[in-house]
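When reading the values below, keep in mind they use all heavy atoms of this one structure, side chains included, and skip hydrogens, waters and symmetry mates. Since this is a predicted model, take the numbers as computed values, not measurements.
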Amino acid sequence: MSSLQSRVLVAVIGVPVLVWVVLWAPPLVMLVALCLLAGIGGMELQRCVSGAPRSELVGMSAIFPVFMVAWYYERPEHVAVLVVVELVVFFGYAIVKGGEIKFNQIMAALFGGTFIGYSFAAFLRLEATGIHRAYLLLPFILSFACDTFAYFAGRAFGRHKLAPKVSPKKTVEGSIGGILGNVVCGLIFVFVMDHWLEAGIGYGTMVVLAVTCSIVAQIGDLSFSLIKREFGIKDYGHLFLEHGGVLDRFDSVLFVTPLVEIILDLTHRI
């Protein structure tokens, strides 16, 4: 199977599944899907940092992001308890191992357990506000649209490198194209929500959201690329074939989802 065929296959299967889970699946199905993504993401990050496909630490790093998502679903007011438990468990494990576990491995485990779990749990927090479930698609739209428009704008007009030491193919022109594309897609989303679902958030709010999320999405993409470059890997995994692993496909989404939640909250849309 060629690279293009595998990418098309993932898109043909993945997009309808994603839309169904977000819009129509029971909340429990969404919870399970988010737990799986968070757990695999935590595992991928630890494998990258540790350089070991299997280990006790890799397993622990997969479990705690799942706990974070599930904990938010059941008792969001006590999430600080889980963070403290993670600190004790991972540092305690490192102490027991007597120096075998390095500090960057501990930080990868804590980052996965807190940030990755927290970000995926943002979908549950948004859903719990009672906002129309179509808004749960926004983090995906404002991440994937930015990536897509940036890619084509970069190919057509790219001249100046954006971050050559982190991602040599990304350009300033592509970045601007991603921002503009995000605004267009965001305004289309608001139009659809206004005219068919009567649940719009306003065009002004969407412009702010689209521009901000585009910038943050690109930072998210470059951040996870920076980690890959430091540890010398091409992809975090192969769950999505040529699209890579969870962290390759959802790197921007992890940064954008909490931001969508924050901006909608600050503008009193949720």
Side-chain angles (χ1 to χ4, degrees), residues 30-129 139 216-217 219-233 236-237 239 245-262 265:
M30 185 188 299
L31 171 64
V32 171
L34 292 170
C35 284
L36 286 172
L37 290 173
I40 295 170
M43 178 182 66
E44 289 176 348
L45 183 61
Q46 190 59 249
R47 282 179 172 177
C48 166
V49 173
S50 297
R54 296 180 183 85
S55 70
E56 292 176 350
L57 188 59
V58 169
M60 293 163 63
S61 299
I63 291 171
F64 273 97
V66 174
F67 281 169
M68 178 64 78
V69 175
W71 195 283
Y72 255 113
Y73 184 75
E74 289 291 337
R75 46 185 73 83
E77 67 277 10
H78 299 307
V79 71
V81 175
L82 184 58
V83 174
V84 173
V85 170
E86 287 184 33
L87 283 168
V88 172
V89 168
F90 285 117
F91 274 102
Y93 179 75
I95 292 169
V96 169
K97 287 296 183 178
E100 292 180 21
I101 306 301
K102 305 305 179 185
F103 184 68
N104 59 2
Q105 294 173 285
I106 299 173
M107 289 299 101
L110 292 173
F111 181 80
T114 53
F115 174 72
I116 293 176
Y118 174 85
S119 295
F120 278 122
F123 288 101
L124 299 176
R125 296 193 297 273
L126 283 169
E127 198 270 339
T129 65
V216 171
I219 292 173
D221 186 1
L222 290 170
S223 297
F224 280 99
S225 293
L226 184 67
I227 297 171
K228 287 193 292 186
R229 183 166 290 274
E230 178 176 345
F231 291 96
I233 66 168
Y236 284 101
L239 179 64
V246 168
L247 298 184
D248 297 293
R249 186 65 274 173
F250 295 100
D251 48 7
S252 299
V253 175
L254 288 171
F255 276 65
V256 166
T257 308
L259 180 63
V260 170
E261 177 190 13
I262 291 168
D265 184 35

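Here Leu110 contributes atom CG and Ser61 contributes atom OG; the two are 8.5 Å apart, rounded to the nearest 0.5 Å. Taking CZ of Arg229 as the reference point, atom CG of Leu226 lies at 9.0 Å (rounded to 0.5 Å). Rounded to the nearest 0.5 angstrom, Ile116 CD1 and Ile40 CD1 are separated by 11.5 Å. Atoms CZ and CG, from Arg249 and Leu37 in turn, are 12.5 Å apart once rounded to the nearest 0.5 Å. Atoms NZ and OG, on Lys102 and Ser50 in that order, are 11.0 Å from each other to the nearest 0.5 Å. For the atom pair CG (Asp251) and CD1 (Ile219), the distance works out to 12.5 Å, reported to the nearest 0.5 Å.
Looking at heavy atoms from C-beta onward, Asp265 lies out of side-chain contact with Thr129 at the 4.5 angstrom threshold. Within the 4.5 Å cutoff, the side chain of Leu36 has no heavy atoms near those of the Val246 side chain. Looking at Phe255 and Asp221, their side chains never come closer than 4.5 Å, going by heavy atoms from C-beta outward. Side chains of Asn104 and Phe231 form a contact here, defined as non-hydrogen atoms less than 4.5 Å apart. Residues Phe123 and Val69 fail the side-chain proximity criterion, which asks for heavy atoms closer than 4.5 Å.
What you find for Val49 and Ala108 is that their closest heavy atoms are CG2-CB, 3.7 Å. Counting all heavy atoms, side chain and backbone alike, Ser119 lies closest to Leu254 at OG-O, 2.9 Å. In terms of heavy atoms, Ala38 sits closest to Pro65 at O-CB, 3.3 Å. Across every non-hydrogen atom of Ala94 and Ile106, the tightest pair is CB-CD1, 3.6 Å. Across all their heavy atoms, Glu261 and Ala122 have their closest contact at OE1-CB, 3.8 Å. Between Val256 and Ala217, the closest heavy-atom pair is CG2-CB, 3.6 Å.
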Should Glu86 and Leu82 be marked as a side chain to side chain contact (heavy atoms under 4.5 Å, CB included) after you check the CA-CA gap, both sets of side-chain angles, and the distance that decides it? CA-CA 6 Å; Glu86 287 184 33; Leu82 184 58; 3.9 Å; yes
Go through the steps for Phe67 and Phe64 under the test ring pair (Phe, Tyr, Trp, His ring centres under 6.0 Å), then give the verdict. CA-CA 5 Å; Phe67 281 169; Phe64 273 97; 5.7 Å; yes
Given side chain to side chain contact (heavy atoms under 4.5 Å, CB included), test Tyr118 with Val83 step by step and report yes or no. CA-CA 11 Å; Tyr118 174 85; Val83 174; over 6 Å; no
Is there a side chain to side chain contact (heavy atoms under 4.5 Å, CB included) between Ile101 and Phe90? Walk through the geometry before answering. CA-CA 9 Å; Ile101 306 301; Phe90 285 117; over 6 Å; no
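Aromatic rings from Phe250 and Phe224 are positioned such that their centres are separated by 6.0 Å or more.
Residue pairs that meet the salt bridge (charged side-chain N to carboxylate O under 4.0 Å, His left out) test with at least one member in residues 39-55, sequence neighbours left out, do not exist here. For residues 88-99, the pairs satisfying salt bridge (charged side-chain N to carboxylate O under 4.0 Å, His left out) are Glu56-Lys97, with sequence neighbours left out.
Looking only at distances, a side-chain donor or acceptor of Gln46 sits under 3.5 Å from a matching main-chain atom of Gln105. A donor-acceptor pair under 3.5 Å links the side-chain atoms of Asp248 to the main chain of Tyr236, judged by distance alone.
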